[in-house]
Trainee: 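This is the structure I have questions about; it appears just below.
In this chain, numbering begins with 1 at the start of the sequence shown.
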Amino acid sequence: MPSPRWAVAVLVPLLLVACSHAAADRPAGPLRIVATTTTLASIARGAAGPQADVRSLVPVGTSPEDFQPSPDVIAALRDADVLVENGTGLESWLDATIRNAGNPRLRIVVCSAGLPVRDGNPHLWMDPVYARAYVAKIRTALTAADAAHAATYRASAAAYDSELAALTARTRAKIATIPPARRTMIVFHNAFDYYARRFGLRIVGAIEPTAGAEPNPAHVSELVRLARSEHVPAVFAEHEYSDKLARTLAASAGGLTVAFLYDDSLGTEAGVTTYAGMIDTDTDTIVSALK
């Protein structure tokens with residue numbers, strides 16, 4: 001029977017050969033990063049800096065919760081070095097897509113892992129404090145995937161972390177201008193729970209309590225009752241969904257304001273093509289509608 005020392009002597013060269021093949025498999029050029037959504041792609045771009053190639057699997061204006069991946073999504077995962085996903089059930093289509101891509105060198109960052117998820121709600125990125133935690137996770141993955149540029153990634157992530165800290169402070173100051181009695185909202189779906197908790201807003205209901213499921217008449221009637229009893233100033237719709245239910249609810253509750261927010265996807269208009277721009281725009285919209 002071979003001695004343990006002999007086994008180690010054979011195993012080490014084999015491991016070195018395997019590692020060299022893995023390194024050779026990665027194409028030359030910038031690190032290839034794919035994120036599941038445009039919001040996560042923006043956060044990843046901030047963490048990585050301009051030297052990285054970052055793209056989103058889900059296009060602008062499409063919800064990741066009911067996205068159907070196409071062959072080009074599988075191809076993008078097959079070629080990627082790092083995948084940035086949210087987790088917590090947001091991307092139910094992703095596991096099968098990763099298996100179909102068959103990329104053994106793909107590093108996967110699950111941004112919500114280890115964070116305080118509430119009631120299975122995946123929208124932690126809407127709180128800029130949690131977005132900063134996402135940046136730290138992405139930085140760790142990038143430095144491991146491309147050690148030669150680790151110092152650059154650390155510097156980019158540190159600069160972006162400072163930008164998100166300023167975004168947090170700016171958002172808090174804006175929300176503070178809303179009279180406390182008017183800091184009450186009805187939203188389209190429960191994407192703003194973490195944002196509301198961070199900045200002192202109160203959400204009394206969601207038009208779609210389950211993403212993608214149209215509410216029944218009893219639920220809408222209950223929202224009308226809540227809007228009246230809680231003196232809700234505004235109902236918030238979302239750009240990627242129909243505003244029909246939001247407008248019906250607003251009219252039934254006494255002609256409330258209807259305003260539009262971004263969360264699962266960035267926009268194409270100036271000012272909402274980055275994560276920080278999206279949060280700024282949403283905050284300005286909320287302040288205007290509630291004040």
Trainee: Sorted by first residue and then second, give each salt bridge (Lys or Arg N to Asp or Glu O under 4.0 Å) pair with at least one member in residues 164-191; sequence neighbours left out.
Mentor: R170-D280, K174-D280, K174-D284

Trainee: Using atom types as modelled and distance alone, determine if a side-chain donor or acceptor of S56 lies under 3.5 Å from a backbone N or O of T38.
Mentor: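 Yes.
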
Trainee: Do T283 and Y195 meet the criterion of a side-chain donor-acceptor pair at a distance under 3.5 Å?
Mentor: yes

Trainee: List the atom of A206, the atom of H219, and the distance in Å for their closest heavy-atom pair.
Mentor: O-NE2, 2.8 Å

Trainee: If we count only N and O atoms by modelled type, under 3.5 Å, do the side chains of T36 and E91 hold a donor and an acceptor together?
Mentor: yes

Trainee: Applying salt bridge (charged side-chain N to carboxylate O under 4.0 Å, His left out), can you list everything that pairs with R55, at least two apart in sequence or on another chain?
Mentor: none

Trainee: If hydrophobic clusters are built by linking Ile, Leu, Val, Met, Phe, Trp and Tyr wherever their side-chain heavy atoms come under 4.5 Å apart, do Y134 and L83 end up in the same one?
Mentor: no

Trainee: Does any pair with a residue in residues 93-104 pass side-chain hydrogen bond (donor to acceptor under 3.5 Å, both in side chains), and if so which ones, sequence neighbours excluded?
Mentor: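 Matches after skipping sequence neighbours: none remain.
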
Trainee: Quick one: closest heavy-atom pair of Y275 and T39, and the distance?
Mentor: CB-O, 4.3 Å

Trainee: Take D81 and R105, measure what salt bridge (charged side-chain N to carboxylate O under 4.0 Å, His left out) needs, and give me the verdict at the end.
Mentor: CA-CA 7 Å; D81 300 301; R105 62 185 173 78; 2.7 Å; yes

Trainee: Could you tell me if Y262 and E269 have a donor-acceptor pair between their side chains, going purely by distance under 3.5 Å?
Mentor: yes

Trainee: Between T281 (side chain) and G277 (backbone), is there a donor-acceptor pair under 3.5 Å?
Mentor: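 Yes, T281 side chain to G277 backbone: donor-acceptor pair under 3.5 Å.
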
Trainee: Side chains of N190 and P209: does their closest heavy-atom pair fall under 4.5 Å?
Mentor: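 A side-chain contact under 4.5 Å is absent here.
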
Trainee: Are F260 and F236, when compared by the centres of their aromatic rings, separated by less than 6.0 Å?
Mentor: no

Trainee: Evaluate the ring planes of H123 and W125, with Trp represented by its six-membered ring, and classify them as parallel (under 30°), tilted (30 to 60°) or perpendicular (over 60°).
Mentor: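 If you compare the ring of H123 with that of W125, the planes turn out tilted.
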
Trainee: Classify the angle between the aromatic ring planes of Y194 and Y130 as parallel (below 30°), tilted (30 to 60°) or perpendicular (above 60°).
Mentor: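 Because their plane-to-plane angle is over 60°, the rings of Y194 and Y130 count as perpendicular.
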
Trainee: Considering the options T143, T140, D146, which one meets the side-chain hydrogen bond (donor to acceptor under 3.5 Å, both in side chains) requirement together with Y153?
Mentor: D146

Trainee: Under 4.5 Å between side-chain heavy atoms, hopping through other hydrophobics if needed: is there a path connecting V60 to F67?
Mentor: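 No.
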
Trainee: Is it the case that the side chain of R78 and the backbone of A101 share a donor-acceptor pair, with hydrogens and angles ignored and the cut-off at 3.5 Å?
Mentor: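 Present.
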
